[in-house]
Amino acid sequence: MRKYIVFGASVTSGGNLMGLVTQPENALNSGVPVTVLISKSDIADTHFRFFYPNHKESLLCGHALLGASASIDAEHFFVETGAGICEVKKRSETIFVKLEKPHPVVSTFDDTLDAKWLGLDGGDIVTYGVFSAGKPKLCIEVASVSVLKKAVFDLAILAQWNKSKNFSGYVLYVQEKDELGNTQYYARATNPLLNIDEDSACAVCCAALPIEQKSMLPFTVLMGSPEFCNVLHLEHVKQGIWVGGKVFAI
């Protein structure tokens, strides 16, 4: 299996693993968070299918899409996925995918999230709602980076509560000013429905975040608690949002 590290600082520092397969599979004990099956497409340049542990297929996985794109011998191309066609471009070691414009999704449920399921107190959560940039996520704003770090996911309860709701997975996020006064975003994600205890770098999660960018300037989201060394580059454009990061073959 050819493997790639995505969003890390180097091949040995941080990042999120993915692998290429020749069959639609990903064994529960594979040690690879997501696998990608590449095939021909009639409507795009290529076709990607995404598989989480225990062969659970997903419509889209951002970091796996970027990793698989590293194997494509082209600088600019289009990928057919279960969530639609995605545009991909390369800039040296960094690869970007354009996802749909992030937007709020009207929730189909009225029961409330319990902060205890995240290892938090009620006052630790600022607000939450369902947002999507191609795959709906429950985006949960927390009060500080220290709160974000102390979160502990009760996977069994979160999986049960997520069932039959119109989102797949949870994203905790916060924004804080750095020493220069610039805003930096931090995030953590989990998707127990797809056997992902914690996703150390999730492109579709960060793209969905309800972050208003009036100036359309590029920004970064740091993931990979507790060090937060995984860097996701994002840029809002009129037609959607670009998400990218460094990709290394291993």
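On a predicted model such as this, the values are computed, not experimentally measured, just so you know.
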| task | With side-chain contact (heavy atoms from CB on, under 4.5 Å) as the test, would you mind laying out the steps for Glu176 and Ser144 before giving the verdict? | result | CA-CA 7 Å; Glu176 287 196 352; Ser144 67; 3.7 Å; yes
[X] versus [Y]: any side-chain heavy-atom pair under 4.5 Å?
X      : Y      : value
Trp242 : Glu87  : yes
Leu66  : Val97  : yes
Leu99  : Cys86  : yes
Cys61  : Tyr52  : yes
Leu118 : Ile125 : yes
Phe77  : Ser69  : yes
Ile211 : Leu234 : no
Cys202 : Val171 : no

| said: I'd like to check the salt bridge (Lys or Arg N to Asp or Glu O under 4.0 Å) partners of Glu25; sequence neighbours left out, ordered by chain and number. | reply: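 Glu25 satisfies salt bridge (Lys or Arg N to Asp or Glu O under 4.0 Å) with no residue once adjacent residues are dropped.
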| request: Please list, chain by chain and in numerical order, all residues satisfying salt bridge (Lys or Arg N to Asp or Glu O under 4.0 Å) with Lys3, sequence neighbours excluded. | output: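 If we apply the salt bridge (Lys or Arg N to Asp or Glu O under 4.0 Å) test to Lys3, skipping adjacent residues, there are no hits.
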| Derivation of the side-chain contact (heavy atoms from CB on, under 4.5 Å) call for Val243 and Cys206 | CA-CA 8 Å; Val243 188; Cys206 293; 5.5 Å; no
Atom [atom1] in [X], atom [atom2] in [Y]: separation rounded to 0.5 Å?
X      : Y      : atom1 : atom2 : value
Ile95  : Lys246 : CD1   : NZ    : 12.5 Å
Gln175 : Glu141 : CD    : CD    : 6.5 Å
Ser39  : Glu80  : OG    : CD    : 7.5 Å
Leu155 : Ile157 : CG    : CD1   : 10.0 Å
Lys98  : Glu235 : NZ    : CD    : 10.5 Å
His63  : Asn16  : NE2   : CG    : 3.5 Å

Search all heavy atoms of [X] against all heavy atoms of [Y] and return the closest pair with its distance.
X      : Y      : value
Ala44  : Val79  : CB-C, 4.1 Å
Gly244 : Phe7   : O-CE2, 3.4 Å
Gly62  : Val204 : N-CG1, 4.0 Å
Ala70  : Val247 : CB-CG1, 3.7 Å
Gly31  : Pro33  : O-CD, 3.9 Å
Ala151 : Leu172 : CB-CD2, 3.7 Å

With a 3.5 Å distance limit and no angle check, can you tell me whether [X] reaches the backbone of [Y] through a side-chain donor-acceptor pair?
X      : Y      : result
Asp124 : Val147 : no
Lys90  : Ala74  : yes
Thr190 : Ile196 : yes
Arg49  : Glu57  : no
Asp178 : Leu180 : yes
Gln184 : Thr220 : yes
Asn26  : His55  : no
Asp114 : Lys116 : yes

| field | For Tyr4, all residues meeting side chain to side chain donor-acceptor pair (under 3.5 Å), sequence neighbours excluded | value |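 Expected list: Arg2.
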| Pair listing, ring pair (Phe, Tyr, Trp, His ring centres under 6.0 Å) test, anchored in residues 80-139, at least two apart |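 Qualifying pairs, neighbours excluded: Phe109-Trp161, Phe109-Phe167, Trp117-Trp161.
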Flag yes if [X] and [Y] sit in one hydrophobic cluster, no otherwise; membership is Ile, Leu, Val, Met, Phe, Trp, Tyr, and two members link when side-chain heavy atoms are under 4.5 Å apart.
X      : Y      : result
Leu193 : Val34  : no
Val130 : Val142 : yes
Leu158 : Leu120 : yes
Leu65  : Met223 : yes
Met18  : Val231 : no

| How is the hydrophobic cluster of Phe78 composed, in terms of its other members, when Ile, Leu, Val, Met, Phe, Trp and Tyr link through side-chain heavy atoms under 4.5 Å apart, directly or indirectly? |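 The other cluster members (ILVMFWY side chains, heavy atoms under 4.5 Å, direct or chained) are Ile43, Ile85.
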| query | Who else is in Ile250's hydrophobic cluster (ILVMFWY, side-chain heavy atoms under 4.5 Å, direct or via others)? | reply |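 Reading the cluster by chain and number, Ile250 sits alongside Met1, Ile5, Val11, Leu17, Val21, Val32, Leu37, Phe51, Phe248.
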| message | Side chains of Lys137 and Ser132: any donor to acceptor distance under 3.5 Å? | response |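 Side-chain D/A pair, Ser132 to Lys137: absent.
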| said: Does either side chain, that of Asp199 or that of Asn191, offer a donor lying less than 3.5 Å from an acceptor on the other one? | reply: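 No, Asn191 and Asp199 have no side-chain donor paired with an acceptor closer than 3.5 Å.
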| Passes side-chain contact (heavy atoms from CB on, under 4.5 Å), Val174 versus Lys149? Steps please. | CA-CA 11 Å; Val174 66; Lys149 287 182 177 180; over 6 Å; no
| task | Among Phe219, Tyr173, Phe228, find the one that has a ring-ring contact (aromatic ring centres under 6.0 Å, His included) with Tyr185. | result |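 That would be Phe219; it is the only one of Phe219, Tyr173, Phe228 passing the ring-ring contact (aromatic ring centres under 6.0 Å, His included) with Tyr185.
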| task | Mind running side-chain hydrogen bond (donor to acceptor under 3.5 Å, both in side chains) on Lys177 and Thr183 for me, showing each step along the way? | result | CA-CA 5 Å; Lys177 298 288 186 180; Thr183 299; 3.0 Å; yes
| said: Apply side-chain contact (heavy atoms from CB on, under 4.5 Å) to residues Lys165 and Leu138 and explain how you reach the verdict. | reply: CA-CA 10 Å; Lys165 291 183 170 62; Leu138 189 70; over 6 Å; no
